[in-house]
Amino acid sequence: MKNIYLLLVSFLLLTGVKGQQGSNTSLLSKTDMNYLEGLTRDVMESSRIYPGQKITDDVGNNNTGIVLIRPGGRSSYPAYWIRDYAMSIESGFVTAEEQKQLLLLTAKTQCDQTWISNTGSMIPVGAIADHIRIDDSKPIFFPGTYDYREQGGKIWGMTPPYCDQYFFIHMAHYYVTTASSPKFLFQQINGIQLIDRLEMAYKVPPTRQDSALVYTTDNFRGVDFGFRDVITMTGDLCLPSLLKYRASLEMAELFELIHLKDKAKSYKNLAAKLKQTIPQIFYDSRGMLVASTGKSRQADVWSTALAVYFGVLEGDRLIKTSHFLCKAYKSGTLSAKGNIRHTLTTDDYNDSTAWEHSLAGKNTYQNGAYWGTPTGWVCYAMAKTDIAAAKQLAKEYINDLRAGDYRKGPEFGAPWECYNKDAPQNAVYLASVSCPYIAFKRQSAGVKAALKAVKKTKKTIQ
């Protein structure tokens with residue numbers, strides 16, 4: 001029992017919890033957490049498109065008959081983006097009915113027949129849309145357009161992005177485990193059960209024959225992750241492989257719920273294989289994960305932090321990674337105003353571009369701008385070794401939101417999608433608050449649970 005107590009104390013020290021019960025152990029103060037909660041709730045509401053509602057003059061009304069959730073408020077992104085929604089559902093601000101209807105819409109628009117668009121891009125069976133038009137529910141499988149027939153092309157990928165399939169699984173897992181019952185997995189959508197559609201989606205992103213990692217080539221490239229769809233990456237891909245790892249665990253749990261133990265075991269084995277392989281392939285000498293093994297093979301802050309957040313990096317690797325992120329933060333190469341770059345400023349490919357191949361100019365958009373979306377993951381990773389530095393980054397993030405809070409008036413826009421070198425881009429952006437809010441909630445809940453366990457164990461020993 002004493003050994004268990006010592007292990008729990010060691011865990012608390014590792015996560016930065018050094019105070020006694022009642023001390024402020026979370027990354028955000030209660031006041032700041034309440035502020036972020038309220039802001040996230042309001043941005044979520046601003047992101048809703050109600051049936052019949054019109055967002056912009058050049059896009060029709062919402063004729064889907066259900067409430068859609070787009071990437072943000074005001075006039076940007078007038079469509080339902082699967083990825084942004086799926087990354088926000090754990091906030092707790094999406095009703096069970098909204099979750100159900102959005103899950104069904106996503107499933108209904110899943111590709112049931114492989115086809116080739118007018119641009120020559122192929123949409124394979126099982127593919128999940130990048131976004132769905134609000135006026136006619138047409139699925140657009142590629143970024144960069146709202147045109148159904150002209151979607152895709154060499155610039156945007158010869159096959160759809162590799163992330164949305166795994167986000168579809170995350171949506172289903174969250175709904176089934178929190179708001180519904182396992183029976184919903186047998187729901188028929190266009191003649192195919194939901195659980196079968198999830199398996200179809202899981203198998204879409206390509207791999208090499210001897211690996212479970214998501215893989216792509218120049219000739220048949222797909223976007224690795226929608227938050228860098230203007231960046232070209234090839235080879236083994238880190239971030240979608242991380243999403244595949246989580247999806248594997250979620251599929252295993254769903255199959256356990258419907259008592260298909262062999263299926264569950266198969267997905268658990270895939271998760272274990274990915275957890276072992278990801279650090280072997282992508283981990284560099286400093287503790288960072290590179291984004292890919294081909295083009296744009298550069299240290300990737302988002303993948304690195306997410307690997308800690310998902311529990312893929314553990315032990316000495318985790319400690320090394322956390323230390324390095326803290327060092328980068330303190331040196332000023334990681335963040336600005338509490339927002340995070342995709343690459344460290346010291347890791348830019350050259351003087352002209354942050355990533356090796358990009359459609360965006362340097363220090364703009366996904367090629368060197370600063371984003372709020374991954375701030376919570378980065379703080380979570382930093383807190384493993386330096387709670388003070390993690391708190392400081394979190395406070396900078398909150399201070400920036402307070403200063404630019406869109407609720408102050410039309411001249412304000414925070415949370416912004418990102419900060420370009422010259423100006424912020426796309427006001428009232430949901431993922432910039434929902435993702436950090438979810439991460440901060442998780443960190444706080446984990447610390448509280450650990451403190452409770454230590455107190456209980458200590459009392460038992462005494």
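Sequence positions, counted from 1, serve as the residue numbers for this chain. Hydrogens, waters and symmetry mates play no part in the numbers below; they use all other heavy atoms, side chains included.
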Considering all heavy atoms, the nearest A299-D284 contact: CB-OD2, 4.1 Å

Could you go through R341 and N363, starting from their C-alpha distance and side-chain angles, then the distance that decides it, and tell me whether this counts as side chain to side chain donor-acceptor pair (under 3.5 Å)? CA-CA 9 Å; R341 233 170 168 254; N363 295 327; 2.7 Å; yes

For the student: nearest non-hydrogen atoms of L103 and M171, plus distance: CA-CE, 3.7 Å

With L213 as partner, the option from L237, I281, T207 fulfilling side chain to side chain contact (heavy atoms under 4.5 Å, CB included) is I281

NZ or CZ of R70 within 45° of Y80 ring axis and under 6.0 Å: no

Please check this pair: side chain of Q110 against backbone of G126, looking for a donor-acceptor N/O pair closer than 3.5 Å. yes

Can you measure from CD1 (I132) to CD1 (I140) and round to the nearest 0.5 angstrom? 9.5 Å

Any side-chain donor paired with an acceptor under 3.5 Å for S292 and D224? no

S303 side chain to D300 backbone, donor-acceptor under 3.5 Å: no

Indicate yes or no for a side-chain donor-acceptor contact from S91 to the backbone of S88 under 3.5 Å, with no hydrogens or angles considered. yes

Geometric cation-pi criterion K408 and F412, 6.0 Å radius, 45° cone: yes

Let me see the working for L102 and I69 under side-chain contact (heavy atoms from CB on, under 4.5 Å), right down to the final yes or no. CA-CA 8 Å; L102 289 169; I69 295 177; 4.1 Å; yes

Using the side-chain contact (heavy atoms from CB on, under 4.5 Å) rule, take S29 and D32 through it: C-alpha gap first, then chi angles, then the decisive distance, then the call. CA-CA 5 Å; S29 68; D32 285 344; 3.4 Å; yes

Heavy-atom nearest pair, K391 first then S26, reads CE-O, 3.1 Å

Exam field: side chain S322 to backbone L318, donor-acceptor pair closer than 3.5 Å: no

SB check D236 R297 (cutoff 4.0 Å): no

Whether E37 and K441 form a salt bridge (side-chain N of Lys/Arg under 4.0 Å from carboxylate O of Asp/Glu) is what I want to check. no

R208 to Y215, cation-pi by 6.0 Å centre distance and 45° axis angle: yes

What I'd like to find out is whether the side chain of S335 reaches to under 4.5 Å of the side chain of Y329, using heavy atoms alone. yes

Do M382 and T321 come within less than 4.5 Å of each other through their side chains, counting heavy atoms only? no

Measure the spacing between CZ of R402 and NZ of K395 and express it to the nearest 0.5 Å. 6.0 Å

May I ask you to check whether W81 and Y85 place their ring centers less than 6.0 Å from one another? no

Any donor-acceptor N or O pair under 3.5 Å, side chains Q366, H342: no

Ring pair (Phe, Tyr, Trp, His ring centres under 6.0 Å) pairs, two or more places apart, involving residues 218-239: F225-F227, F227-W302, F227-W371

Say whether, by atom type as modelled, one donor and one acceptor occur between the side chain of Q165 and the main chain of P161 under 3.5 angstrom. yes

So D348 and W355, side-chain contact (heavy atoms from CB on, under 4.5 Å) or not? Walk me through it. CA-CA 6 Å; D348 285 350; W355 289 108; over 6 Å; no

For atom CG of D351, decide whether the heavy atoms of other residues, nucleotides or ligands shown that lie under 6.0 angstrom number more than 12. no

Pair D347-R286, salt bridge (Lys or Arg N to Asp or Glu O under 4.0 Å): steps then yes or no: CA-CA 12 Å; D347 288 343; R286 301 174 302 172; 2.9 Å; yes

Nearest atoms (heavy-atom pairs only) where S434 meets M87: OG-O, 4.4 Å

Check step by step if side chain to side chain donor-acceptor pair (under 3.5 Å) holds for Y77 and E417. CA-CA 11 Å; Y77 296 110; E417 179 180 20; 3.0 Å; yes

Would you call D147 and R133 a salt bridge, taking side-chain N to carboxylate O under 4.0 Å as the test? no

Non-hydrogen side-chain atoms of K244 and V214 separated by less than 4.5 Å: yes

Proximity of Y349 and H357 rings by center, below 6.0 Å: no

Let me confirm one number: the CH2-NZ distance from W416 to K337, rounded to the nearest 0.5 Å. 10.0 Å

Validation row: I340, Y370 side chains within 4.5 angstrom (heavy atoms): no

Let me confirm one number: the CG-CD distance from L27 to Q443, rounded to the nearest 0.5 Å. 3.5 Å

Any W156 side-chain heavy atom under 4.5 Å of S121 side chain: no

Please give me the minimum heavy-atom distance between M33 and L28, naming the atom from each residue. SD-CD1, 3.8 Å

For D316, does the CG atom have more than 12 heavy-atom neighbours from other residues, nucleotides or ligands under 6.0 Å away? no

Taking NZ in K268 as the centre, count heavy atoms belonging to other residues, nucleotides or ligands within less than 6.0 Å. Is the count above 12? no

Taking the side chain as everything from C-beta on, heavy atoms only, tell me whether L313 gets closer than 4.5 Å to K320. no

Say you draw a straight line from CD of E256 to CE of M251; how long is it, rounded to the nearest 0.5 Å? 12.0 Å

Does R442 count as lying over the ring of Y309, i.e. NZ or CZ under 6.0 Å from the six-ring centre, within 45 degrees of the axis? yes

What's the verdict on side-chain contact (heavy atoms from CB on, under 4.5 Å) for Y162 and L239, showing C-alpha distance, side-chain angles and the deciding distance? CA-CA 9 Å; Y162 300 134; L239 207 147; over 6 Å; no

Evaluate side chain to side chain donor-acceptor pair (under 3.5 Å) for D42 paired with Y406, printing each intermediate quantity in order. CA-CA 10 Å; D42 288 347; Y406 81 100; 5.0 Å; no

How about NZ on K154, more than 12 heavy atoms from neighbouring residues, nucleotides or ligands closer than 6.0 Å, or not? yes

Please report the shortest heavy-atom distance between A390 and C379, naming the atom on each side. CB-O, 3.5 Å

Are any non-hydrogen side-chain atoms of R246 and L243 less than 4.5 angstrom apart? yes

Residue set satisfying salt bridge (charged side-chain N to carboxylate O under 4.0 Å, His left out) with E199, at least two apart, ordered chain then number -> K263

Quick check, are the ring centers of Y380 and F440 under 6.0 angstrom apart? no

Calculate, to the nearest 0.5 Å, the distance between atoms OG and CG belonging to S47 and D84 respectively. 9.0 Å

For Y437, the side chain to side chain donor-acceptor pair (under 3.5 Å) test, sequence neighbours excluded, returns none

Side chain to side chain donor-acceptor pair (under 3.5 Å) between S331 and T333, intermediate numbers included: CA-CA 6 Å; S331 70; T333 62; 3.2 Å; yes

Do the side chain of Q99 and the main chain of V94 share a donor and acceptor less than 3.5 angstrom apart? yes

Beyond-backbone contact of Y397 with P436, side-chain heavy atoms, under 4.5 angstrom: yes

